[in-house]
Amino acid sequence: MVDRLREWVPRLVLAPSFLLILVFVYGFILYSGYLSMTNSRMLPSNDWIGVANYVKLFKLKHWNTALINLGLFGFLYIAISSCLGLLLAILLDQKIRAEGVLRPIFLYPMALSFIVTGTAWKWFLDPGIGIEATMHAWGWESFQFNWIKDRSMAIYTVVIAAVWQSSGFVMAMFLAGLRGVDTEILKAAEMEGASKFRIYRKIVIPMMRPVFLSAFVVLAHLAIKAYDLVIALTGGGPGRATELPATFMYSYTFTRNQMGVGASSAIIMLVMIFSIIIPYLYSEMKSGDSK
Amino acid sequence: MNQSVSASSATHGNRMIRALIYASLILFAIYYLLPLYVMVINSFKPLEEIRGGGMMNLPQQWTIDSWLTAWSSAQIGVKPTGLKPFFINSILMVVPAVLLSTFLGALNGYVLTKWKFRGHGIVFGMLLLACFIPFQIVLIPMARILGILDLAGTTAGLVLVHTVYGLGFTTLFFRNYYDAFPTELVRSAQIDGASFFQIFRRILLPNSAPIFVVTIIWQFTNIWNDFLFGASFADFDSIPMTVALNNLVNSSTGVKEYNVHFAGSILAALPTLIVYIVSGRYFVRGLMAGSVKG
Amino acid sequence: MASLTIDNLHKSYGNVDVLKGIDIEIEDGGFLVLVGPSGCGKSTLLNTIAGLEDITDGDIRIGKQSVSGLAPSKRDIAMVFQSYALYPNMTVAENISFGMEVRGVAKAERNAAIERVADILQIGQLLDRKPAQLSGGQRQRVAMGRALVRDPQVFLFDEPLSNLDAKLRVDMRTEIKRLHQRMGTTIVYVTHDQIEALTLASKIAVLKDGLLQQFGTPAEIYDNPVNMFVADFMGSPSMNLLEATIVASDDGLAASLATGTTAPVLLPIDKQENISGYLGKSVILGIRPEALTDPSGADQASEQIIERECLIDVVEPAGSDTFAVLQLGGKQAIARLRANAKVQTGQTTSLAFDMAKVVFFDPDTTNRIL
Amino acid sequence: MASLTIDNLHKSYGNVDVLKGIDIEIEDGGFLVLVGPSGCGKSTLLNTIAGLEDITDGDIRIGKQSVSGLAPSKRDIAMVFQSYALYPNMTVAENISFGMEVRGVAKAERNAAIERVADILQIGQLLDRKPAQLSGGQRQRVAMGRALVRDPQVFLFDEPLSNLDAKLRVDMRTEIKRLHQRMGTTIVYVTHDQIEALTLASKIAVLKDGLLQQFGTPAEIYDNPVNMFVADFMGSPSMNLLEATIVASDDGLAASLATGTTAPVLLPIDKQENISGYLGKSVILGIRPEALTDPSGADQASEQIIERECLIDVVEPAGSDTFAVLQLGGKQAIARLRANAKVQTGQTTSLAFDMAKVVFFDPDTTNRIL
Amino acid sequence: ASNVEVLHWWTSGGEAAALKVLKENLEGQGVTWSDMPVAGGGGSSAMTALRARVTAGNPPTAVQMLGFDIKDWAGEGVLGNLNDVASAEGWDKVVPPALQFFSKHEGNWIASPVNVHSTNWVWINKSILDAAGGKAPTTWEELVSLLDAMKKTGVTPLAHGGQAWQDATIFDAVVLSLGDDFYKASMIDLDPAVLGGEKMVEAFNRMATLRSYVDDNFSGRDWNLASAMVINGEAGMQMMGDWAKGEFLRAGKKPGEDFVCIRFPGTQGAVTFNSDQFVMFDIKEGTDAQKKMASAVMDPAFQSVFNVVKGSVPARTDVPDTDFDDCGKKGMADLSDAAKNSRLFGSMAHGHSVPASIKNAIYDVVTAHFNGEYDAKTAAKELVNAVEAAQ
Ligand SMILES: Nc1ncnc2c1ncn2[C@@H]1O[C@H](COP(=O)(O)OP(=O)(O)OP(=O)(O)O)[C@@H](O)[C@H]1O
Ligand SMILES: Nc1ncnc2c1ncn2[C@@H]1O[C@H](COP(=O)(O)OP(=O)(O)OP(=O)(O)O)[C@@H](O)[C@H]1O
Ligand SMILES: [Mg+2]
Ligand SMILES: [Mg+2]
């Protein structure tokens, strides 16, 4: 009797979390799915209209822009953050004396929210008052950097700021990974005469595979939620050039009073996210179990 | 771990290369510091000087007025209270939410690694997927539920929201950490007759410091910086710091006091900044201990 | 103290059968050693006895009482783990008394118990240290202390010495032996170490792939292995298992062993009951290295010493002994000679075969013939 | 292949001196084994030879050439690590050929080399696997293959077998021995294992706290240890180091050893040159377990066998031998008897002391007397 | 004691100071004030918060709201009824009908208007104006030639912030400058023929012309930074609602001396407006407090004090203009004239001519065109599509 209970205790302990998630995540996803099939405008309604919202959604030019932007932004952001994080970690791992000072410098942006830093970045990137103007003032007249004002380049400024914010975190993850590499392996490679560059390229970096995967999870989750960033930096502009699904969803649901369309965009976005994340998680847990 | 690839670079390393490494590190440091630089120097300028342009220049006239204003007398709504009172609100919200979500995450990680049961993988997968849900879609149904629970507009409600949406990551962190935690210790304690909770409290918890650091930093940062939930679910007496900061910074048709905005921004970010700087070292260690899976 | 009975024990993880019907009975105060190759299920068996794993089928009894379904802490056992599993956040004293604390034993009583155990294991001066501040041997002692303090019916040891270096291992082995003699508690002990198994055990169980191969006293296992697996597994260096053909000779049957270069070695067989069926057939002849030695080092008590000239391939002087490798029965056979035996690589020398110690196996079934 | 000379080598980390002036010279094709307790500086010494650590003072020469200041890859050495240090992301073949790839060796040549090594080590069927898919022994082979393929002047091994289980260890040890005999390359080898050290080495260096204690052949080290540390450290079970008093007896000097219960044991000493100065004083008498045995098992070749009645405390049958523990000279002495020796706990039996193997130490300096 | 919780986005110094007057007024009547400001996005964050609160069943007592949002919320049936106070205080007579359109739902008063912002203003730096010829433009052609003249003096002629709502604010004025009827047919009645017609193409052409006087760095710029450009003499003029005046005053500039305020050329006599109103939610307790608040909002003294500070003009037409500055007086006069002549139009850009969904759809097209994505013809065509899709 007591031992039966013992068997159930773990499940009981997990149950609250599981129930919370079940309701507050999966329940809400279902609810959104339902909303996306209704004619909800300002507040949820029960007016069933089938897939009309989805049809409407895919006719909207912004939605396509948002999707393309997410692809572009997500890819660049994840790729650059990972590479930069790795590079910084490698540089910092060279027995750098000032590591204690540099590490928090690289790490601190993660501590700030974009409500906070958005304005600073906006100014900094603004050609009229930011870096370009400063360079001009310092005598470098031909310096030009006006991406934030350029419809085709603005999305890259979002990438720059986003990378700024999270690459330090990725750096910390890689640093931890590097410090965990068996030193005997490094010695072995050194004995074979491999240059440092080659040791990293051929041995250390391939060994960082699990870290790349973890970084991917963290970065992907940040990319998906990149809302504050865009709002603070470009407000989705110039024009709607930097619209992302998150801003799209928010504006349709809350400022344009087309909650149905907003919900359908959320569902599409979730489908996309899950179709990328679930295979990843699956493979991750597979390899984790076999260890 | 104490030996890096550069073990013998002192012998064979090349001064040029080291100079290059330092140079690039410093360049990157500048990239990371620039926005902070812009914020800090402009927060010390009088407003006229900012209007005059030259965002990157040092103040001609230093003043800390904007800091004082932002902290204690800036207009946040009708009352010129500054950010001060909202600081308390944020603390009241962040501390329990961080503790709760971390604690639940620790328990979940404990169960998912040391007390596996059929289907534990699926449960974990579901918890993990929850990390990726965009918060915009949960606002309305969450509001409804908070209303039903009679938690609408309360700090307790915010704590609940943040706890729920932090669970995915905290569980992930602790699972990875406890996965590497020697199972034999748990077995040994079982034989010693310790109960499920005794084992957790006496054996696991005292040895989880590194991962607690990581998790608490992560949760603290995310919750402290949240705006969306704060704006949507807070009442007049539970408005968190970020919403207040937003009120200070984002007024639509009023005069914009950038120096105050920047000072306020830095003030609002101070707790997280301090947490990062003070515990940065432990953070990397914690990530290592968590076998950097998460 | 109590006897331990394992009755047709089955254990599977999902659809992987790890233990496939184990029957073992060890008397009160016995010392059971479990050996077997890695992954054969030794730890699993130990864990089922401890109650850390459920069993799929069968029964485990401590004394007369079936313990299936009983929580580990209710089984009145203590366990020592390979990694020692000391709680890193507690001092040695706290480690030892944790179990008592959990059971709500009063402080004074706990202290008395700690003292008693510390006395036995001579770790009195370590009581305030944390495990990280201890050497390997000290940790091992503390782990034993934690088990001792419970004064249980059965001790379980899972490779308790394998993290120690060779020297310490020998010392601790003797200590465990002495402790067992003193306390008289029933012990189940898992090890990879041949010497540990043979010196400590009152009974040895040899497992392979979740099946019990042989269960018996160390002497039985060592001298009369039931099959080639057991013969090969127990003893280090292993028993030489050499291909031989049974031929008829002047004195009756003999085993003929091919050598690399010279004529086959012919060894007369004394006990002829069952082997006669193999006349003209191939068998496996098993002879332990110490039964194949230099004539002056051979057992004077044995009546069946046969000397033969053999060609030595490799000589490995090992301090206390010298090992010689020779080509015999198509295999590398190892002979254990005295340390100062005068043998050299590439030379032919006379070796003594102690035929009283020779065993035969059927090459097809791998089972013992005699 | 080349000789290796280590000349007054010093190494400190900050202000911690780890190596304090080591002098070792090993001839071309020699097999040097470094032994010593944990933390004595064995790995550090190996790393300085490899060039992975700078040296603080002194010199290292391979052949005639000083290698101080040379990069590891320029020293023409290969190293095998305890953890094997296989590159987890590369296949076995890639692991083996990585060094060549780095040096820009052509693909065809690389393949030929891989094949050659795979042949020697019989790992041909593993070439496409990743390290994670290999067993411990296979990994060890691959690690050796990676060293072999370089065909270096000197091989360095840092406890290459200590992650293997006992059986595999024995096999791999023989294999290394055979490889060495075949290739004839100079080897420096670190180990904790007594048997490994004694069987493999052409020379053994015993280190303690960064100081060289003794440097000599295995037989020198084993039979003639220069001090009690070496005597105690080498051999398993260790040499019995027993307190004795030198007394004058009818046949000249004798060592008197206290026993637990009966009268002291008196052992006549044959070689009397230096010991005479200790008349009436205490010395430490060292006798190896195999020199203290049952009379029928004693070395027939030795001329100084002395039989004495002793009380047996503990009997540990260990398959190939039986160990008996007895109270002697205030210590627990271990005697190694034949497996079938008829001794029992608590009984008195006659034991043979091989006085030719006995050594004496000064208790104050711990140095050898004779 | 009764209590009102007020959700609003008036958080900047001036706005909050103005609101404080109301708060103190209420406190004088024993009604405490719980402040719930949520700034950002011109009230959109506040509206999000409001939605969450209403969904939670915990609506604030009173909410600051704009234009069609009021009608939308009224449509949801969650608002209270202010008819008692309104009829007692005779709101019908003093509030212009164009405002009443938003303050009433199905004939019932549901909101009390606080102020009227007019959005078709142009703010000109006086010294640059003088340097460029000195005469304030009254027609489109004069405007263009003034801009040209300013360009010659080396300043940026038109200061502008490239955010959708700012683009749309100019667009409002441009459309209105092409005729009241055109504005009404396109921006209020959404007549597809007009939306896609010749005149609309002309309107977009004018937008393009204006765009050519804006510096390259306009996009994303906050409106007040644009104002600062005019204040500092870097730019000649800005087209912005009357709230911009606060920036000028704050910088110590005097109307008439340092800067001049004129109606967008071609829109003289007409006013596009937006009006902040306080909406009372239908909650069980506190109807009394709500009524007190509604009445306090409509108090002429409050309206005067508030609007002097805020830069807007009172929603009541019977408030004396004594406390207002030149621009304020002009604004008040314009408002009552426009109201009288039925030339008072809800501003599309500020959500007073069409519901939010359509407004944003129009934003999309206007912004896209202003950023050079469409030419004028395409823009007109897209406008028709966008409006249709959003309806
Ligand atoms: N939780 C588990 N799930 C599935 N299989 C398991 C589990 N635990 C152990 N096994 C499998 O059961 C078999 C026996 O494992 P066990 O640990 O008992 O071996 P062992 O004899 O103790 O080996 P070793 O000598 O290496 O300690 C192994 O093949 C192992 O892979
Ligand atoms: N990088 C280092 N900095 C400071 N001290 C070190 C460093 N590396 C080793 N030591 C110290 O040098 C001494 C010798 O270490 P070394 O690794 O050579 O010992 P070892 O003989 O190989 O021991 P083991 O048998 O445990 O491998 C130890 O006391 C160790 O603490
Ligand atoms: Mg095991
Ligand atoms: Mg070492």
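The model shown is predicted, which means the values in this text are computed figures rather than measured ones. The basis for the numbers below is simple: all heavy atoms, side chains too, and nothing from hydrogens, waters or symmetry mates. Quick note on labels: first sequence line is chain A, next is B, and so on, each numbered from 1.
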Open item on the list: Using side chain to side chain contact (heavy atoms under 4.5 Å, CB included), reason through B:D192 and C:R150 one step at a time and then give a plain yes or no.
Closed with: CA-CA 9 Å; B:D192 270 340; C:R150 306 196 52 186; 3.9 Å; yes

TODO: Kindly indicate, with the supporting measurements, whether the criterion side chain to side chain contact (heavy atoms under 4.5 Å, CB included) is fulfilled by C:R75 and B:I191.
DONE: CA-CA 9 Å; C:R75 295 187 178 198; B:I191 291 176; over 6 Å; no

TODO: Give the intermediate values and the outcome of side chain to side chain contact (heavy atoms under 4.5 Å, CB included) for residues C:F98 and B:R202.
DONE: CA-CA 9 Å; C:F98 179 69; B:R202 300 291 304 275; 3.7 Å; yes

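Residue B:F135 qualifies as enclosed at atom CZ: its count of foreign heavy atoms under 6.0 Å is above 12. Atom CD of C:E27 has more than 12 neighbouring heavy atoms from other residues, nucleotides or ligands inside a 6.0 Å radius.
Of the atoms belonging to C:E94, not a single heavy atom falls under 4.5 Å from chain B. Residue B:R118: no heavy atom, backbone or side chain, is found under 4.5 Å from chain C. With a 4.5 Å cut-off on non-hydrogen atoms, C:A78 touches chain B through its backbone but not through its side chain. Proximity to chain B is limited to the backbone of C:L86, based on heavy atoms less than 4.5 angstrom apart.
Atom-to-atom distance recorded for B:E184:CD and C:N47:CG is 8.5 Å, nearest 0.5 angstrom. For the atom pair B:L185 CG and C:Y84 OH, the distance stands at 13.5 Å (nearest 0.5 Å).
Top candidate by heavy-atom pairs under 4.5 Å with chain B, chosen from C:A147, C:G14, C:A50, C:G99, is C:G99. Note: C:R146 leads C:Q82, C:M100, C:R146 in heavy-atom pairs under 4.5 Å with chain B.
Considering all non-hydrogen atoms of both residues, B:N207 and C:P88 come closest at OD1-CG, 3.2 Å.
Within the 4.5 Å cutoff, the side chain of C:F81 has no heavy atoms near those of the B:P182 side chain.
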